[in-house]
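Working notes, structure below.
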There are 2 protein chains.
Amino acid sequence: MKWDTLDEEQCSLSRTVAVVGDRWTLLILRESFLRVRRFEGFQSSLQITRHLLSERLKKLVRFGILRRVPYSEAPKRYEYILTQKGLDLYPIIMAMVHWGDIHMGDERGRPLLHEHKTCGKRFDPVMVCSECGEALHAKQVHVHPGPGRKEAVA
Amino acid sequence: MKWDTLDEEQCSLSRTVAVVGDRWTLLILRESFLRVRRFEGFQSSLQITRHLLSERLKKLVRFGILRRVPYSEAPKRYEYILTQKGLDLYPIIMAMVHWGDIHMGDERGRPLLHEHKTCGKRFDPVMVCSECGEALHAKQVHVHPGPGRKEAVA
DNA sequence: AGGCTATCGTTCCAAAATAGAACTGTCAAA
DNA sequence: TTTGACAGTTCTATTTTGGAACGATAGCCT
């Protein structure tokens, strides 16, 4: 597989995987959602090598997930801030956190709890149908080929 | 980072990433949700090397995402079927597909359309709060430390 | 001025993961 | 008896990561 052109495949999952489909990228995004913005911040909390961190941040900027914003002239320093495109990854991250809570937890309970400021309660993320509002399950979904594809790829 | 113990970290995202945090695994899961079950099926549709496919399938079985079910004696042949734990990954996959649809699409439109059998309509997956049912956005969520952790990790 | 610290990277080499292709083994059908 | 389908394993070359050191810029302290 040519990972460098994965983002041009006729499959939205492939295209997403091209951007966020590796361990470090996902962990970097977690930190971003927890308001980490600076090189040293990512590096020290993740214990990622500086080399890879540099690489991944560049990639995320290139794909428009993070914006590189100067916060100091002299010396030139930048922070990495989620764009709207990056913020839109939230459901993916939350879905992963929730699955981990349910299926990979230990006896001590959840590492983090989430409070919905709007309603004030602790919640779980639930994925629903945009049309009827019902919770979604794999077996209730039927897949059709859409306009953006020719043949037997997903 | 010690990837082999990532699933024991005090962070549900890390634990999920330990299982599905690589390109091939996510693509294999896509095929699983599209009802692919056999070694040759995965191999030919993904163009993954047989070696890696074998490795990844073993890992997914080990983590209880797939079950290895015999479908033929003599010769012994197995298929790989999603367990409930695996089916529960659906929101993650759908969230990724949806993000790809929105942010990585091209002029031709979506590769696939999804129909909700329950209501009969084409839909998008939406992540909502389990308590109030409102759509979730990153900025409306506040994070608290939960019982399963000691200090400053997510 | 000289040296320490903070921040943001780059460079270099060794170790690990992946790609690519060939090979093994079982059995059915031609 | 040969071919083909299926489910892997084994082997080597290439690519990606890990780990640690190095470089650049500037503020602050003495």
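Every chain is numbered from 1 and lettered A, B, ... according to where its sequence line falls, protein lines coming before strand lines.
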What I want to check is whether an N or O donor and acceptor connect the side chain of Arg77(B) with the base of dT26(C) at under 3.5 Å. yes
With a 4.0 Å cut-off on heavy atoms, is Phe42(A) in touch with a base, just the backbone sugar-phosphate, or nothing at all? nothing
Pick base, sugar-phosphate or nothing for Arg23(B), based on heavy-atom distances below 4.0 Å to the nucleic acid. nothing
Which one, [options], comes nearest to the side chain of [X]?
X        : options                  : result
Arg56(A) : dT17(D), dA7(D), dA6(C)  : dT17(D)
Lys58(A) : dT10(C), dT7(C), dT26(C) : dT10(C)
Thr49(B) : dT25(D), dC8(C), dG20(C) : dG20(C)
Phe39(A) : dC8(C), dT18(C), dG8(D)  : dC8(C)
Glu40(A) : dT7(C), dT17(D), dG8(D)  : dT7(C)

d(CG, Leu57(A); P, dC8(C)) in whole Å: 10 Å
Distance below 4.0 Å between Arg68(B) side-chain N/O and dG8(D) OP1 or OP2: yes
Between dG18(D) and Trp3(B), is there an OP1 or OP2 to side-chain N/O distance shorter than 4.0 Å? yes
Is the count of non-hydrogen atoms from other residues, nucleotides or ligands lying under 6.0 Å from Arg23(B) atom CZ greater than 12? yes
Are Glu40(A) and Arg50(A) close enough for a salt bridge, meaning some N to O gap below 4.0 Å? yes
Would a line drawn from the ring center of His114(B) to the ring center of His116(B) be shorter than 6.0 Å? no
Test item: Arg110(B) side-chain N/O and Gly148(A) main-chain N/O as donor-acceptor pair under 3.5 Å: no
